[in-house]
Amino acid sequence: MSFLNTIEEFEGFDFQGHFNAVTDQDVRAALSKERLTQKDFLALLSERAAPHLETMASKARKLTLQHFGRTMGLYAPIYISDFCSNHCIYCGFNSTNSFKRSKLTLAEVDTEARLLSETGIRHVILLTGEAPAKTPLDYLEESVRVMRKYFSSVSLEIFPMDEAEYGVLNKAGADSLTVYQETYDRDIYKQVHLAGKKRDYEWRLLAPERGARAGFRSVNIGALYGLGQICQEAFYSGLHARFLEHHYPNVEVGLSIPRMRKAEGAIDPRNILDDLRFVQFMTAFRLFLPKVGISISTREAPEFRDKLVHLGITRLSAGCKTDVGGYAKETDTDTAQFQISDERSVDQVVAMIRNNGYQPVFKDWDRI
Amino acid sequence: METSDKLILGKREFSSRLLTGTGKFASNELIPPMLEASGSEIITVALRRIDQGAGDDNILKHIPKQTTLLPNTSGARTAEEAVRIARIARQAGCGDFIKIEVITDMRYLMPDNQETLKATQILVQEGFIVLPYVMPDLTLSYRLQDAGAAAVMPLGSPIGSNQGILTRPIIELIIDSIEIPVIVDAGIGKPSQAAEAMEMGADAVLVNTAIATSEDPVTAGAAFSMAVKAGRMAYRTEMGPESIQANASSPLTGFLRG
């Protein structure tokens with residue numbers, strides 16, 4: 001039993017027909033429940049739910065306060081390599097893009113980690129492109145060890161691995177894993193991943209489960225909005241999170257709602273998720289999955305992120321650089337994976353969180 | 001009725017029967033005034049949240065010296081991890097008290113009673129004052145008592161759920177049966193529910209979410225303090241049992257005295 005069974009169960013399901021048939025009564029029924037079914041979740045994702053946005057937001061806020069309190073976790077990424085053998089047509093790191101690629105030496109990883117930790121950040125995400133020849137397991141393992149010296153939590157956002165490899169990195173000190181499916185739609189998945197190991201839809205889809213079995217205490221998933229049909233992507237993301245909750249009860253499940261940003265040498269986003277639907281989906285996720293952490297990256301604009309603090313998110317990134325070695329140099333945005341939108345410093349984001357009546361939390365985990 | 005009414009944990013005496021927590025506050029600066037308003041003398045803090053190098057962000061800096069720190073093992077998935085966290089807490093200067101939380105269900109945060117018992121057995125041997133957080137279970141409570149736990153902390157309902165004492169029938173059996181203090185922990189969402197636990201004969205309650213996430217945590221702390229005191233006084237006065245009808249005097253056996 002894996003999430004693939006759920007994907008197969010919905011193959012051929014007429015999403016558009018279903019969404020068109022949702023009634024106002026269906027939405028009201030979903031809003032009156034404490035435990036939502038798949039059908040309720042679909043109703044809240046549909047356009048029919050849009051007039052109920054304020055009610056959804058108010059419920060989402062209440063649930064988030066209850067389960068996570070008046071706190072906001074903080075994190076930031078370190079990109080250790082932008083070598084990549086995949087051809088994902090929406091990504092600035094794709095293999096057909098020619099730019100000077102780089103990979104940090106362990107000494108440089110140390111410098112990046114030290115500089116980032118000096119901003120107060122204690123939870124870090126380690127990122128790479130997919131190029132196992134350039135960034136083999138032992139290099140990743142050593143990088144994790146270096147980062148563990150500076151951070152209380154090290155999360156991985158790297159290419160999918162098998163359970164044993166995940167186990168090695170978990171043992172080295174990485175405690176969390178993020179794998180975004182990008183799109184749950186198999187056809188679109190094939191169209192946007194033209195070359196490389198990433199073409200294998202199922203290998204990626206089941207990576208979070210392999211990670212959970214390998215011992216990661218927290219697993220984060222999500223779709224990249226800007227590729228497939230937005231309601232379907234949100235629906236599958238929600239089911240994926242719920243599947244992981246049900247099958248790996250000792251794992252904290254997290255969800256993100258990344259929206260595609262323009263990157264050098266990549267396609268423009270399609271099926272745009274606008275701000276209104278973004279908030280609708282985020283509150284629908286909260287109502288369907290009250291205990292799931294929701295993080296928002298610096299892909300989003302500062303003024304939008306500030307508003308989201310009250311609506312169900314639990315973690316914000318801050319002071320981020322999305323290029324390799326970015327903390328040690330003046331950022332060259334041409335070679336970043338995507339353009340960041342919120343360029344505020346950690347201190348500025350912290351002040352914003354406090355002004356909103358929340359406590360910024362730098363450390364919420366320790367490897368013992 | 002005895003005049004002194006202290007809560008005794010390990011060999012320490014406490015006047016307040018309200019334990020509080022440090023999680024979920026909008027700002028750590030609310031903690032000292034909340035402690036003062038609530039009279040709480042014991043506050044629990046997750047070791048994983050402590051960052052000694054963090055200056056003002058270090059949660060310990062906001063806890064007054066006279067308050068007893070009850071570090072907890074939040075984040076532990078096994079007895080072994082709980083034991084390691086307890087040892088680290090003691091080395092970090094957090095004292096000998098430890099609240100054991102071993103949780104393997106991230107959705108409802110249900111405690112793992114088996115692992116909790118194992119951790120209790122080990123930590124008592126190492127001289128800790130052990131307060132295990134458990135799913136209410138009478139047999140387990142006897143075993144924890146045998147193991148040397150300083151109290152048992154059965155949950156009223158899931159952490160943060162504010163649903164009150166849903167496990168009341170089992171907690172009543174535990175209160176009726178074991179000698180060590182029973183501290184109702186988790187699920188208490190309103191002062192009236194805290195009072196209910198105390199009226200039942202619980203020795204203390206632990207309240208965090210309801211105080212920390214209220215619009216005014218300081219006033220909420222004061223309200224819980226009053227409720228805990230009222231409930232305790234009511235329990236000690238042995239208020240008459242409830243009855244739905246007036247008791248006629250010996251309708252069946254009165255003739256014997258006739």
* Structure fact -> Comparing R122(A), E245(A), M72(A) against chain B, the one with the most heavy-atom pairs below 4.5 Å turns out to be E245(A)
* Asked: Between Q66(A) and N162(B), does any side-chain donor sit less than 3.5 Å from a side-chain acceptor?
  -> no
* How close do R35(A) and Y108(B) get, heavy atom to heavy atom, and via which atoms? -> NE-OH, 3.5 Å
* Do you know the tightest heavy-atom contact between L65(A) and T213(B)? -> O-CG2, 3.4 Å
* **CD on E252(A) to CD1 on I103(B), rounded to 0.5 Å** => 10.5 Å
* Asked: Is there a side-chain contact between M106(B) and V253(A) (heavy atoms, below 4.5 Å)?
  -> no
* Asked: Listed by residue number, which members of residues 70-82 of chain B have a heavy atom under 4.5 Å from any heavy atom of chain A?
  -> G75(B), R77(B), E81(B)
* Asked: What heavy-atom pair brings A26(B) and G357(A) nearest, and what distance separates the two atoms?
  -> CB-O, 3.0 Å
* Which distance, rounded to the nearest 0.5 Å, do you find between the OG1 of T209(B) and the NE2 of H67(A)? -> 9.5 Å
* To do: Report the distance from atom CD1 of I59(B) to atom CD of Q359(A), rounding to the nearest 0.5 Å.
  => 6.0 Å
* If you count the non-hydrogen atoms of other residues, nucleotides and ligands that lie under 6.0 Å from NZ in K39(A), is the total more than 12? -> no
* Asked: Where on P360(A) is there a heavy atom nearer than 4.5 Å to chain B: the side chain, the backbone, both, or neither?
  -> backbone
* Asked: When you measure from the side chain of R49(B) to the backbone N and O of W365(A), does any donor-acceptor pair fall under 3.5 Å?
  -> no
* Asked: Would one find more than 12 heavy atoms of other residues, nucleotides or ligands at under 6.0 Å from atom CD of E36(B)?
  -> no
* Structure fact -> Honestly, the part of F362(A) sitting under 4.5 Å from a heavy atom of chain B is both
* **Gap between atom CZ of R242(A) and atom CZ of R107(B) - 0.5 Å precision** => 6.0 Å
* Asked: Is the number of heavy atoms from other residues, nucleotides or ligands under 6.0 Å of K190(B) NZ greater than 12?
  -> no
* Around Q114(B), counting heavy atoms of other residues, nucleotides and ligands shown, do more than 12 lie under 6.0 Å from its CD? -> no
* Asked: Would you say the side-chain atoms of K363(A) pair up with the backbone N or O of R48(B), donor to acceptor, closer than 3.5 Å?
  -> yes
* Structure fact -> So, the part of S27(B) with a heavy atom under 4.5 Å from chain A: the answer is backbone
* Would one find more than 12 heavy atoms of other residues, nucleotides or ligands at under 6.0 Å from atom CD of Q66(B)? -> yes
* So with a 6.0 Å cut-off around CZ of R145(A), is the heavy-atom count from everything else above 12? -> yes
